[in-house]
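Here the structure comes first, spelled out in structure tokens, and everything after it is commentary.
Each chain gets a letter, A, B and so on, in the order the sequences are listed, and its residues count up from 1.
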2 protein chains.
Amino acid sequence: MSDTSEKERPEKGQPRRRQARGERRIAQLLAAAAQVFCTTGYTAASTNAIAREAGVSPGTLYQFFPNKEAIAIELGERLVHEMREAYGEALAPVAPATPLEEAVGAAVDRFMAFNTEHPVFFALMHGPDMPGGITEAHDQLHATLVGRIEGLLASLMPGASPADVTRTAHVCLGIYKAGLELVLAHEGAERAAYVQEVKDVLVRYLGPLVGDRLGRT
Amino acid sequence: MSDTSEKERPEKGQPRRRQARGERRIAQLLAAAAQVFCTTGYTAASTNAIAREAGVSPGTLYQFFPNKEAIAIELGERLVHEMREAYGEALAPVAPATPLEEAVGAAVDRFMAFNTEHPVFFALMHGPDMPGGITEAHDQLHATLVGRIEGLLASLMPGASPADVTRTAHVCLGIYKAGLELVLAHEGAERAAYVQEVKDVLVRYLGPLVGDRLGRT
DNA sequence: GACAAACGCGAGTGGTCGCTCGCATTCTGG
DNA sequence: CCAGAATGCGAGCGACCACTCGCGTTTGTC
């Protein structure tokens with residue numbers, strides 16, 4: 001019943017005990033993969049290129065990842081884990097008296113900060129060339145985000161049908177993703193201006209829907 | 001000096017006289033390529049798969065196209081040609097007294113009709129996995145569209161700086177592309193509802209910018 | 001009908017890529 | 001210090017893919 005004491009995974013056939021060196025190599029390889037995925041996309045990225053970027057041999061790469069897809073999966077999982085922390089704070093606490101502009105502005109700022117800090121995320125989610133496993137994970141995350149937005153909108157749009165709320169949530173996310181693409185394509189002041197545009201689009205889109213509740217006076 | 005009489009292209013080394021059969025095969029191959037590109041994307045699409053879809057041999061395909069990229073290029077050029085006709089009418093004539101809602105609604109309807117009729121277009125423009133030549137053509141078209149929208153906005157936003165107009169045009173196009181993705185992902189009534197949402201987003205976004213000029217009373 | 005050119009085929013070629021294998025090196029527990 | 005495991009290597013294997021080549025068939029022209 002009780003294991004020895006160290007980290008063990010009785011569920012998997014091979015627990016694959018790692019040394020500290022191994023964990024370092026994994027982080028190194030994931031960073032290299034992020035770099036390569038960002039510049040060339042997933043399909044065009046070769047495992048040999050990732051290994052070269054990390055400064056190791058192809059064989060070493062396959063010591064830690066069973067195949068190319070697993071690299072992207074693991075990278076995605078770590079990003080989602082990081083994101084859940086940032087987004088839990090970004091979307092969950094919708095104070096009842098918060099003006100719409102503030103709520104949208106804060107959420108957009110948090111999302112934009114995360115995405116500009118981890119451009120791989122956009123590359124992985126946006127590519128239409130992902131194999132099954134990644135698309136699956138992406139859809140799951142997408143559904144989670146839409147659910148969160150639905151939760152916020154439901155309290156703002158009391159008279160709307162569930163289908164309307166869902167549709168509105170999808171539109172909001174679509175607007176954000178389109179804005180993100182524009183934001184990532186610019187730098188400095190221009191980038192900040194585009195961030196403001198995204199906020200404006202969302203506020204003006206949602207303003208009439210939420211009625212007088214949280215809209216502008 | 002004088003050529004025989006038939007159609008000849010002195011500019012190119014090989015005029016490559018075509019028979020009617022050849023033109024038919026080209027159309028057939030482009031249709032097959034559109035189908036395959038739509039389902040698998042450009043990079044994942046194999047030339048052998050395109051030839052199989054068209055019911056011909058790989059050798060026959062290469063009788064009419066020098067390489068895989070040329071297929072996408074030619075397909076893109078024909079689509080752009082078709083689009084220019086539809087879009088010339090969709091964007092050019094901005095009647096001075098047209099309400100904003102009508103102008104946006106008409107433009108969105110035309111664009112959506114074209115894109116739902118030719119889903120390949122979205123697949124080719126949206127993929128981040130295209131080789132140089134296609135990206136180049138895409139950027140050119142993108143710039144053309146932005147220029148058109150800028151022209152429309154310039155007359156609606158007299159007080160705005162050129163940079164503001166350009167940014168607004170990019171945002172409009174981004175909104176449209178995001179909406180297109182949502183529209184293509186749904187069918188029937190849901191699709192129509194999303195089309196309406198796109199119009200609403202654009203009208204509410206542009207409304208405050210154009211002032212009292214063409215906005216709602 | 002005869003000649004040439006366009007068309008059509010499909011096995012084959014060179015190259016790339018994901019991934020493996022055998023072996024050397026480094027770490028860890030006893 | 002010494003088995004044994006984890007780590008590291010890089011040449012190489014099999015598969016796939018864009019593309020070619022030689023040869024047979026159809027079509028247009030005189």
Side-chain angles (χ1 to χ4, degrees), chain A residues 3-9 12-29 32-33 36-37 40-74 129-134, chain B residues 3-9 12-29 32-33 36-37 40-74 129-134:
Chain A
D3 50 16
T4 56
S5 73
E6 288 293 337
K7 48 189 173 186
E8 283 228 8
R9 297 278 192 77
K12 287 287 183 179
Q14 309 296 348
R16 208 72 177 116
R17 289 171 44 209
R18 298 245 175 262
Q19 302 180 354
R21 199 177 14 150
E23 299 289 350
R24 254 180 282 129
R25 276 274 179 265
I26 289 179
Q28 198 178 40
L29 284 164
V36 177
F37 287 160
T40 69
Y42 173 78
T43 36
S46 80
T47 56
N48 292 16
I50 294 173
R52 205 181 315 120
E53 174 79 22
V56 303
S57 86
T60 298
L61 187 152
Y62 281 93
Q63 180 107 38
F64 302 102
F65 299 99
N67 50 51
K68 180 181 172 182
E69 186 177 350
I71 303 173
I73 297 271
E74 177 66 23
D129 53 350
M130 305 296 168
I134 304 180
Chain B
D3 51 14
T4 54
S5 75
E6 287 293 336
K7 49 187 173 185
E8 285 226 8
R9 295 277 193 78
K12 287 285 183 181
Q14 309 295 349
R16 208 72 179 118
R17 288 171 44 209
R18 298 244 175 262
Q19 301 180 353
R21 198 178 14 153
E23 299 289 350
R24 254 181 281 130
R25 276 272 180 267
I26 289 179
Q28 198 178 38
L29 283 165
V36 176
F37 287 160
T40 69
Y42 174 78
T43 36
S46 80
T47 56
N48 292 14
I50 295 174
R52 205 180 316 119
E53 174 79 23
V56 303
S57 88
T60 298
L61 186 152
Y62 281 92
Q63 177 117 174
F64 302 101
F65 299 98
N67 52 49
K68 180 181 172 182
E69 187 177 348
I71 304 174
I73 296 273
E74 176 67 23
D129 53 348
M130 305 297 169
I134 303 182

Which whole-number value in Å describes the distance from R25(A) CZ to dT25(C) P?
16 Å
Would you indicate which nucleotide in dG8(D), dC19(C), dG10(C) comes nearest to any side-chain atom of P58(A)?
dC19(C)
Would one find a side-chain N or O of S46(B) under 4.0 angstrom from OP1 or OP2 of dC17(D)?
no
side-chain N/O Y62(B) vs dC19(D) OP1/OP2, d < 4.0 Å
yes
Looking at R18(B), I'd like to know whether one of its side-chain N or O atoms comes within less than 4.0 Å of OP1 or OP2 on dC7(C).
yes
In whole angstroms, the gap separating C1' of dA6(D) from CZ of R24(A) amounts to 13 Å
Between G59(A) and N67(B), the residue closer to the 5' end of DNA chain D by nearest nucleotide is G59(A)
Which nucleotide wins on minimum distance to the side chain of F64(B), given the candidates dG8(D), dA6(D), dC7(C)?
dC7(C)
Between R21(A) and dA6(D), is there a side-chain N or O to OP1/OP2 distance below 4.0 Å?
no
Between T47(B) and dA18(D), is there a contact of a side-chain N or O with OP1 or OP2 at under 4.0 Å?
yes
So, is T60(B) close to the dC9(C) phosphate, meaning a side-chain N or O under 4.0 Å from OP1 or OP2?
yes
Using atom CD of Q19(B) as one end and atom P of dA6(C) as the other, report the distance to the nearest whole Å.
8 Å
Between N48(B) (CG) and dT13(C) (P), how many Å, whole number?
16 Å
